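Predicted model, so just to flag it, every value in this text is computed and none were measured. Note that the numbering runs from 1 along the sequence shown for the chain. In each ligand, atom 1 is the first atom listed, and ligand 1 is the first ligand listed.
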Amino acid sequence: MWNFLARNKQVAAMLGLLGAAALVVIFLATRGRGHVIVEQFLVETEDVSEDPYIFSAHSLPSDDRFMPSIGNGHLATNVFSDTVYMNGLYNGRKGESRRARIPAWANIRLNSTLTNHPYSPVYSLDTKHGVFQVTVDRDRSVVTQRIFAHRYYTRSIVNQIKVEPKTHADPNFVHHEIWIAIKQMPGPESKDIAFGSPTPEIIDEMLVWKACGKTKEVEDPAFQGMLEDVCAYWSSVPDHLVVPHSRSKVITFFMTVDKNESVARQEFIKILQEDGEELFEKHVEQWGRLYKQGGLEIEGNLQLAKIVNGIWYYFLSSLPSEESHFPLDRFFGLSPTGLARGGTFDDYEGHSFWDTEMWMFPPILVLYPQYARQLLQYRLDNAYVAAELARITGSKGYRFPWESAYTGSEVTQPCCPDVAEFEQHITACIAFAARQYLSMTRDEDWLKHGGCSIVTNIADFWASRAVINYSSGLYDIANVMGPDEDHSNVTNSVFTNVVAGYSLYLAQYVACQCKSYYMAKDPDHWADIAWSLTLPYDETLDYHPQFQGYRRGEGIKQADAVLLGFPLQYPMNISTRINDLTYYESVTRGNGPAMTWSMHTIGQLQIQDNLRAATLFNKSYEGYVREPFKVWTELRRPKVGAVNFHTGMGGFLQTLMFGYAGIRIHLNRLEITQPQLPPEATKFRIKGIKYLGSNLTLDIRVLQTTLTVISVDDDWPILMYNGKYNVTLVPGMIVTLKGTGPFTIRTVPWKDCKLPVDTIGQNYLRPIGL
Ligand SMILES: *[C@@H]1O[C@H](CO)[C@@H](O)[C@H](O)[C@H]1NC(C)=O
Ligand SMILES: *[C@@H]1O[C@H](CO)[C@@H](O)[C@H](O)[C@H]1NC(C)=O
Ligand SMILES: *[C@@H]1O[C@H](CO)[C@@H](O)[C@H](O)[C@H]1NC(C)=O
Ligand SMILES: *[C@@H]1O[C@H](CO)[C@@H](O)[C@H](O)[C@H]1NC(C)=O
Ligand SMILES: *[C@@H]1O[C@H](CO)[C@@H](O)[C@H](O)[C@H]1NC(C)=O
């Protein structure tokens with residue numbers, strides 16, 4: 001599929017290494033310069049499965065960072081790693097706070113996959129069933145190992161070994177036994193948790209081990225009184241299994257972990273009583289329910305379908321189960337590398353950044369609004385800490401930290417004080433996520449339970465940060481950093497000002513929605529400030545300088561000003577949009593983080609340069625997705641950066657959903673604009689779009705695009721303009737979308753509230769709404 005793989009296949013074949021992962025060093029002469037450089041890269045293992053939901057290989061990646069993860073939102077681990085992480089379990093002070101390592105007592109390997117063995121195993125990640133499988137086809141039996149984080153028994157990681165004897169011509173064989181050597185590999189002691197020595201216990205006539213301990217250091221003594229308790233139970237694992245040849249057998253090993261010992265213990269006992277196959281079925285059933293709610297289906301481009309299925313699998317693995325044996329604890333957010341990583345600085349320590357709200361949140365919102373609410377809830381839970389951060393930095397309202405983990409206080413790594421001090425746009429990005437959430441759901445219950453408060457407090461923060469400049473008649477925001485981290489401590493970052501302006505306008509709108517139960521002091525004041533916030537714009541060159549004083553030609557790290565067009569959808573002339581896209585593409589670092597190019601792709605689709613879009617689309621994933629398990633890296637090959645980079649995955653889903661499918665979220669409508677097939681695909685379906693309680697499926701095909709109405713919420717009857725006339729959408733209806741649209745879906749107004757004006761940069765002497 002990829003040129004890169006093809007090239008390496010040749011190299012690998014030459015070296016007789018095909019199928020195996022190996023570090024190959026080749027010498028390449030650089031053109032023109034006349035000297036020789038050494039380029040080092042990994043030959044990635046090939047995915048041999050034709051099934052879009054299954055990624056299979058004959059060997060594991062040689063770099064274990066490219067191993068896939070399993071997870072259920074409470075626990076997660078990288079397959080075959082010695083580490084398990086738990087939602088909300090951190091150790092370390094301030095910027096050192098990172099996911100606390102629990103030894104992987106359920107990490108078991110078949111000896112035949114550890115040592116040179118005549119049988120060649122097949123390793124598969126089955127994204128549909130949420131399981132990693134190892135299959136070893138032996139002379140007399142097929143041994144299948146299943147590794148999964150149980151989606152219903154959420155405190156557990158399960159490792160099952162299924163032995164299926166082969167029928168044999170010789171009837172005497174039936175009396176034989178099958179012998180399987182295994183090895184438990186929990187790794188060394190945890191440096192993060194002071195566990196007592198494991199103690200044995202007999203439960204239901206089984207030998208069981210238990211260890212309890214505490215984390216070693218609280219994150220921030222101002223907000224966290226005590227060290228965290230952790231308790232684990234796990235099955236005793238022998239060094240081999242003996243299975244009679246007469247029938248199939250499933251042997252289950254597992255560990256349970258919780259902060260509460262009794263929960264870990266009771267869950268352990270409950271699983272012990274389950275039949276092995278039924279235990280697995282219960283897990284699979286939960287994954288089935290998740291996928292039934294929504295998804296992206298692609299035909300005609302297998303690689304693309306696989307990448308997309310991988311992304312949803314990884315996202316859902318870090319989000320909480322909807323049904324579980326024991327109620328779940330608070331949810332502590334979706335970090336850029338998910339729940340299975342974050343024990344090190346490289347993997348962002350399990351912290352939450354703007355990545356959550358701006359990159360992962362929008363695709364999740366469209367299909368799984370209940371999870372979007374959970375993501376916002378993490379911020380609400382930390383609101384009082386955000387109020388404190390605003391206060392100590394001389395501002396008002398809520399200021400959310402650049403990096404947030406257990407307590408919600410600032411935990412940016414010691415390396416990088418600048419981002420913590422200046423990347424204040426995160427606070428506005430949270431309001432932007434809230435705006436999109438309200439656009440898609442009109443969730444009154446959310447507004448009542450903290451929504452009104454968080455939105456208005458974010459506006460108070462920006463109102464206190466904006467300073468009137470009497471010479472320009474505009475408000476300035478100084479001492480900030482936009483998404484481009486190569487420019488620090490700037491004034492009037494165009495991205496920051498626009499997204500801050502939106503958050504001020506949103507507060508006025510939300511104050512109106514909430515007025516019967518929530519008092520806001522002076523909502524119009526927020527809108528007045530937004531109206532007069534400076535908007536850097538160069539009239540001669542008809543583009544947006546990234547900030548006041550930006551010198552044309554200076555390189556930037558990643559997409560910044562281009563985010564005005566999307567996701568912010570800031571109104572501008574098409575000529576300006578084209579100029580922003582063309583200019584910033586030319587000055588953006590080639591090796592920057594993955595999601596930059598997804599935003600450029602969306603931009604090119606918007607300005608209808610489909611060829612450029614296709615080129616940038618390739619650039620948005622090639623070199624970032626690692627075979628065979630479709631793990632994403634932050635940086636393009638041969639660099640790595642953070643793994644498994646959910647931020648890049650989120651950007652990629654946005655390209656498909658908002659770029660190719662053309663979905664646009666607005667406060668008063670949902671639009672579908674220029675829906676088209678992604679490169680090489682013959683069919684692209686987005687199933688389970690949730691708009692105001694309705695459930696819609698968009699089908700894009702070569703010859704026609706249709707929208708199928710699965711259900712509609714009686715409270716919010718919806719109408720669609722199909723290019724010719726308005727159609728009332730009723731369940732069962734299939735509407736054909738002819739042409740490029742925009743096709744607009746609307747409902748009745750939400751209370752009697754005026755929509756935000758949403759433009760900034762107007763002199764404060766001119767009143768709003770002229
Ligand atoms: C399994 O392999 C390990 C080495 O990885 C070895 O120490 C152990 O003895 C083997 N077990 C059996 C039963 O062969
Ligand atoms: C006020 O705005 C002008 C541009 O109109 C700018 O040159 C000046 O630096 C601003 N003043 C401050 C204090 O930022
Ligand atoms: C940021 O810029 C201001 C001037 O606006 C300056 O006083 C301050 O020292 C700068 N801070 C850092 C950390 O560079
Ligand atoms: C957009 O274009 C129109 C017509 O060309 C022009 O009058 C207007 O000033 C432009 N707007 C901006 C913000 O440049
Ligand atoms: C994108 O990559 C695919 C696969 O490598 C290739 O077939 C296609 O031509 C590329 N598209 C563009 C526009 O470069």
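At a heavy-atom distance under 4.0 Å, no atom of Asp418 approaches ligand 3. Only side-chain heavy atoms of Asp476 come within less than 4.0 Å of ligand 2; its backbone N, CA, C and O stay farther off.
Ligand 3 has no N or O atom lying under 3.5 Å from any N or O atom of Glu421, backbone or side chain. The shortest N/O to N/O separation between His240 and ligand 1 does not fall below 3.5 Å.
No salt bridge links Arg626 with Asp63; every basic N to acidic carboxylate O contact stays at or beyond 4.0 Å. Salt bridge annotation for Asp486-Arg589: present, with a cationic side-chain nitrogen under 4.0 angstrom from a carboxylate oxygen. Ion pairing between Glu388 and Arg391 holds under the 4.0 Å rule for side-chain N and carboxylate O. Between Glu277 and Lys162, at least one side-chain N (NZ, or NE/NH1/NH2) sits under 4.0 Å from a carboxylate O, which counts as a salt bridge. We find that Arg379 and Glu357 are joined by a salt bridge, their nearest charged nitrogen and carboxylate oxygen being less than 4.0 Å apart. Taking 4.0 Å as the cut-off between side-chain N and carboxylate O, Asp126 and Arg146 do not count as a salt-bridged pair.
Distance screen at 4.0 Å: atom 5 (O) of ligand 2 has a protein heavy-atom neighbour inside the cut-off. Proximity of atom 14 (O) of ligand 3 to the protein is indicated by at least one non-hydrogen atom lying closer than 4.0 angstrom.
For atom 1 (C) of ligand 2, the closest heavy atom belonging to the protein is Asn469 ND2, 1.4 Å. Counting only heavy atoms of the protein, atom 3 (C) of ligand 1 lies nearest to Asn111 ND2, 3.7 Å. In terms of protein heavy atoms, atom 10 (C) of ligand 3 is closest to Asn489 ND2, 2.4 Å. Shortest contact from atom 7 (O) of ligand 2 to any protein heavy atom: Gln548 NE2, 4.8 Å.
For the ring pair (Phe, Tyr, Trp, His ring centres under 6.0 Å) criterion with His425, the lone passing option out of Phe353, Phe400, Trp402 is Trp402.
Residue contact check: Asp239 has heavy atoms under 4.0 Å from atoms 13 (C) of ligand 1. Every atom of ligand 3 with a heavy atom of Asn479 under 4.0 Å away is listed here by number and element: 1 (C), 2 (O), 3 (C), 4 (C), 5 (O). Using a 4.0 Å cut-off to heavy atoms of Ser471, the atoms of ligand 2 that qualify are 1 (C), 2 (O), 3 (C).
Relative orientation of the Phe432 and Tyr502 rings is parallel, given thresholds of 30° and 60° on the angle between their planes.
At least one test fails for Arg341 against the ring of Tyr348: distance under 6.0 Å to the centre or angle within 45° of the axis.
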